[in-house]
Each structure stands twice: as C-alpha cells, then as structure tokens.
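Here is the structure we will look at, set down as structure tokens.
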Amino acid sequence: MHRIIRITYCLVIFFVALSTLLLSDNLPNIWPVEYCYSNAIYYLVSILLVAGIAIANRKNMNDKLFNILFLVLTLAFLVLQIDISLWFPEGQHSDFYWIYKQAHMLKDGEGFSNKQLLDYFSNNPQNQIILYISTFILQLFGSWRAVIVFSSISVLSSLFFATLSIKNLTHNGITALIFYLFGYILIGLNWRAFLPYSDTFAISFPVICIYITTTNASQTVKILLISIFSTFSIFVKPTAVIPSIAILICYVINYGIKASCVKLFKSAIPVVICTYLFLSFANGKISKDYGFPQNAEQRGLTEALYGFFVIGQNNSNYGTVPNLDNDTYDIMLPFRKIYERGIFKNLKFYTGKTIITYRDGLFSSIQRKASECELLRCKSSGKYCFMLCNQKGYNLFVAIEQVVWNSILIMLLFFAFVPSQRFHYELALSFIGVFLYLMIFETRAKYLFMLLPTFIVGAAYGMHRMDFRIIFDNLKKK
C-alpha cells in the first residue's frame, strides 16, 4: 500500500509540475493570468533559489538560537499583519461581502430581514459559523477592522504551527526559519489573508493536525486532539478535513484494520460524536438568538458536494463556473460529461483544471484583471498598495510570489524521492487528496490557499531529506 501511495504521489506531482511549466502559457480558453514573463522564466529563478536553500540546508543552529529567532520573527510578522489589517480596504465582493453585510445587520439588530442574504446563508450553511464569529468580534470591538485582524492572525497561526512541524520533522532550525519566511511571503502577504472567510478561519486546522502527529505525545492523546480539530474543521470548512483523512488512512495501514478500528472506536469516534453534537447545539442556539428562521430550508452537505461535482465537470472554463450547459441538476449529468469527453478530451480538461489551480502564485486569476480591481475597492495609495492589482510595485510583488510558489512545487518534487517515513505518507496522501478533490469538484486556485501551510511542511521535509551533499561533493571534485 505504501508503494501505491508513493507511485500515485509521483504521478500527481509530476503532472502538476509539467502542466504548470510547459503548458500554462499555451492551453487556450483558460482564464488569463498576466505575467511580466513566461512562467518558465519564473521556474528558472525558482531553481536558483532552491539551490541556495539546499546550500543553507547543510547548516544548523542550536535550539536556543532557533527559539530566539523564531520568537523575533513571529512578533515582527504579528505587528506587520496587524498594521496591514488596519490599512486593508474594508469593502469586499462576492461571498466576503455577504458576511460583511449580514454581520453589520446583526450588529444593528436587523436580523435576517434581507431575503437575498437569507437565501445565501440557507444555501451555504457552513458560512453561518463564520458569520456568527465575525458578528461577535464586530459587536465586541465595534469595528470590522477587528475581524480583519482576527483573520490575518489566524493565517499567521497556521504558519506558526507549520514551522513547528518542520522543526520537529527535520530537527533543523535554519530549514524551519527559511520556510517560515517563505510561508509568510506566500500566505501571510496574500490579499486573501485579510478577507475574513472560511478559508482564513479554518486554515490552521489542517496544519495543527499535522503538527500533532510530529509531537512526542502518546497515540491516544494524538487521536483525541486530531479528532477534535477535525470536527471543528468540518463545521468551518469541510475540505480542511482532507489531511485528517490522510492521517486516518495511514493509521489504518500502519496498525491494521482490526487494531485501528478498536482503537478508533474507543477514543476517536466518541470524541467526534460529542464534539459534533456540541457544535451542532451551539450553532443552533446562536442561530436562534440571532433570529435565523428555524423553518428556513437549508442545503445539506451532500447536496452541496453534488452541486460542486456538477460544476467541476462542467465543460465551460474547465469546471470553474456554475453549470452553464444545463439549467437542471441531473444526477447523471457529470458522469455523462466525463464519458462524452473521451480519453484525450478528458486529459486536456483535467490538464486545464490543474493549470488553473496550481500555476498562480497569488491563487486568484480574477485578481490579475485590472478591470476587476474595483471589486476590491483598492486604495490608490499607502505603503501596502503593492498587494493589490494595478498598483505601484504590484508586478514585482507578483514575480516574488510566483517564484516562491514555483520553488514550493519544485521541492514537492523532491518530496517524491525522500526515504520513506510515516510522515512521508501522511503528507503525500494529503497532497493527493487535495488534487483529487479539485479535479472532481469545482476548480478555483483560491481553494488551495487553506492547505498551503501543509504543502510548505511537505516541501521543507522533502528538501531536508534529499541528500544534496553527494551532488555538491561531486561538483567540488570536478
């Protein structure tokens, strides 16, 4: 089974790398992404950057120095996150706007009087928890800025646990700090970090579960903690549970079906049930207190997943937009589309989905369109205006983000060849699970954002475990 996981991971990561490197500038009918240079140029710079990291990776530092630098960096990033949050434009679009608008209505005692907003939260019940958390913070501090600060700190906390995971896996402080900086550039400075939504609120749950597996806690404690955080992630963002599922599969493989089932029934399942019931009761009580109509028809998780499946197999724009081919939801519609496309058209279709998802270092093709900038109500001035499209310094910022993201993909290639350990398969399965989800269901680059800290852990582990000393020694001899 371990061999199957390794082979599958190799196929997936090579498919992703080759698609984004060789085909991203050539496949037609994909949302345009405006680069100053070809993505191949960014990959070339990324290779040089990875070589520099490989050299730095040969060194290490003592734990005391690591702790000091880790604390200094964390405080510096925290101050920067708060400062950007206080500057970042409050106005939002799409799903962000619905939460922003409804939270203010709840704060002002207007309840769910807007039918359009009521319909949105009825069709997206998972966003109700995000709404209630945002409303609570808004009522507590009286400003939406506080919600933005909470969102950005949540993102920073995910990088905090990713760094600790890297340190536990590699036992190398320099590697951990390098990827802490990488993660902050790629995730912490991304404009999505400052838009309160399920992606930012749930971003810590997957990497916390990975971190728990790297600690020296007992197996029982690990199972209990992962069960609790996984249940929370289901309520906030169901896709955040993918790494937990990967951990569960590896646990069953390592300990056998019988032994693992006995252990899970004794510890994990009761905790999951109790946590789920508690969260369901709390959500229902809060919904009632805020005046959400108890008789409102809400879309269930199964129905939502099927809707995403229909969108994901839609031929229009490679499964990135709602079902434009058929106005009715036919249960066999997506399966017929897969069959009708045939082998070669399916290969092109899923290559397009892969490029849309993995090629963009800002994880949002829409952000690159200057005509869409007004949706973000971008500021035309300020020291952080480079983060927003069509502003001064934006092209340089895009180049840096793209180079960092391509470097992560390159190091995830190394991860395919590292000597096998338990953590290797858990991280590999997480990556495979995310890839399969995005190929089957609706495809958006933004859906990767929440799982980026887990990718960074995998990239760091792959980079550290690759023995580059042989290569460097051979170059010295020549």
Just to verify, what does Ser152 make a side chain to side chain donor-acceptor pair (under 3.5 Å) with, not counting sequence neighbours?
Ser85

All heavy atoms of Thr163 vs all of Ala176, minimum pair found to be CG2-O, 3.6 Å

Can you name the side chain to side chain contact (heavy atoms under 4.5 Å, CB included) partners of Ile440, sequence neighbours left out?
Phe309

Going from CG on Leu413 to CD1 on Ile408, what distance comes out if it is rounded to the nearest 0.5 angstrom?
12.0 Å

The test is side chain to side chain contact (heavy atoms under 4.5 Å, CB included); show your working for Phe179 and Met463 and say whether it passes.
CA-CA 10 Å; Phe179 282 90; Met463 188 71 185; 4.2 Å; yes

With a 4.5 Å cut-off on side-chain heavy atoms, are Phe194 and Val155 touching?
no

When every non-hydrogen atom of Ile210 is compared with those of Thr454, the smallest separation belongs to CG1-CG2, 4.2 Å

Phe112: which residues meet the ring pair (Phe, Tyr, Trp, His ring centres under 6.0 Å) condition with it, sequence neighbours left out?
Phe292

Interatomic spacing from CD1 in Ile212 to OG in Ser227 - rounded to 0.5 Å:
9.0 Å

To the nearest 0.5 angstrom, please state how far the CG atom of Leu195 sits from the CZ atom of Phe88.
5.0 Å

For Tyr9 and Arg6, run side chain to side chain contact (heavy atoms under 4.5 Å, CB included): C-alpha distance rounded to whole Å, both residues' side-chain angles, the deciding distance at 0.1 Å, then the answer.
CA-CA 5 Å; Tyr9 177 80; Arg6 177 183 283 273; 5.8 Å; no

Over 60° means perpendicular and under 30° means parallel, so tell me whether Phe201 and Phe150 are parallel, tilted or perpendicular.
perpendicular

Results of side chain to side chain contact (heavy atoms under 4.5 Å, CB included) for Leu11 - residues two or more places apart only
Ile7

Any donor and acceptor pair, going by atom type alone, linking the side chain of Ser154 with main-chain N or O of Thr200 inside 3.5 Å?
yes

Hey, what do you get for CG (Leu225) to OG1 (Thr220), rounding to the nearest 0.5 Å?
11.0 Å

Distance-only, no hydrogens or angles: does the Trp405 side chain make a donor-acceptor pair with backbone N or O of Ile400 under 3.5 Å?
no

How far does CD1 of Ile5 sit from CG of Leu427, to the nearest 0.5 angstrom?
11.5 Å

Are any non-hydrogen side-chain atoms of His464 and Leu169 less than 4.5 angstrom apart?
no

Taking only residues two or more places apart in sequence or in another chain, which ones pass side chain to side chain contact (heavy atoms under 4.5 Å, CB included) with Leu279?
Thr231, Phe232, Phe235, Thr275

Anything under 3.5 Å between a donor and an acceptor, one on a side chain of residues 431-438, the other on a protein residue two or more places apart or in another chain? List them.
none

Pairing of Asp199 and Lys237 as salt bridge, 4.0 angstrom limit
yes

Working to the nearest 0.5 angstrom, can you tell me the gap between Gln102 CD and Ile99 CD1?
10.0 Å

Exercise: identify the closest heavy-atom pair between Gly458 and Leu412
C-CD2, 3.9 Å

Tightest non-hydrogen contact, residues Glu401 and Leu186, listed as OE1-O, 3.3 Å

A side-chain contact here means heavy atoms from C-beta on lying under 4.5 Å apart; do Ile247 and Cys209 qualify?
yes

Looking at every heavy atom in both Ser230 and Ser233, which two are closest together, and how far apart are they?
O-OG, 2.5 Å

Check: Val147 main-chain N/O paired with Ser151 side-chain donor or acceptor under 3.5 Å:
no

Is there a side-chain contact between Met450 and Thr239 in this structure, where contact means two heavy atoms from C-beta onward sitting under 4.5 Å apart?
yes

Beyond-backbone contact of Ile203 with Ile187, side-chain heavy atoms, under 4.5 angstrom
yes

Can you give me the closest heavy-atom contact between Thr354 and Ser19, atom names plus distance?
CG2-CB, 4.1 Å

Steps toward side chain to side chain contact (heavy atoms under 4.5 Å, CB included) verdict (Phe455, Leu448):
CA-CA 9 Å; Phe455 285 13; Leu448 273 185; 3.7 Å; yes

Are any of the side-chain heavy atoms of Leu164 and Thr214 separated by less than 4.5 Å?
no

Lys222 (side chain) donor-acceptor with Thr215 (main chain) under 3.5 angstrom
yes

Go through the steps for Tyr180 and Phe160 under the test ring pair (Phe, Tyr, Trp, His ring centres under 6.0 Å), then give the verdict.
CA-CA 8 Å; Tyr180 194 18; Phe160 180 88; 7.3 Å; no

Could you tell me which residues satisfy side chain to side chain donor-acceptor pair (under 3.5 Å) with Ser157, sequence neighbours excluded, listed by chain and number?
Ser204

Using the test ring pair (Phe, Tyr, Trp, His ring centres under 6.0 Å), find all partners of Phe449 that sit at least two apart in sequence or belong to another chain.
none

In the structure I gave you, are the side-chain heavy atoms of Leu429 and Glu426 within less than 4.5 Å of one another anywhere?
no

Check side chain to side chain donor-acceptor pair (under 3.5 Å) between Gln81 and all other residues, then give those that pass, not counting sequence neighbours.
Tyr184

Verdict with reasoning, Ser407 to Phe182, per side chain to side chain contact (heavy atoms under 4.5 Å, CB included)
CA-CA 10 Å; Ser407 301; Phe182 259 43; 4.0 Å; yes

Qualifying residues under side chain to side chain contact (heavy atoms under 4.5 Å, CB included), relative to Leu181, sequence neighbours excluded:
Phe77, Ile185

Do Ser134 and Trp144 touch side chain to side chain, with heavy atoms closer than 4.5 Å?
yes

Between the side chain of Asn406 and the main-chain N/O of Ser46, is any donor-acceptor distance below 3.5 Å?
no

With a 3.5 Å cut-off and no angle check, do the side chains of Gln402 and Arg359 form a donor-acceptor pair?
no

With sequence neighbours excluded, residues passing side chain to side chain donor-acceptor pair (under 3.5 Å) with Ser158
none

Who are the ring pair (Phe, Tyr, Trp, His ring centres under 6.0 Å) partners of Tyr132, not counting sequence neighbours?
Tyr290

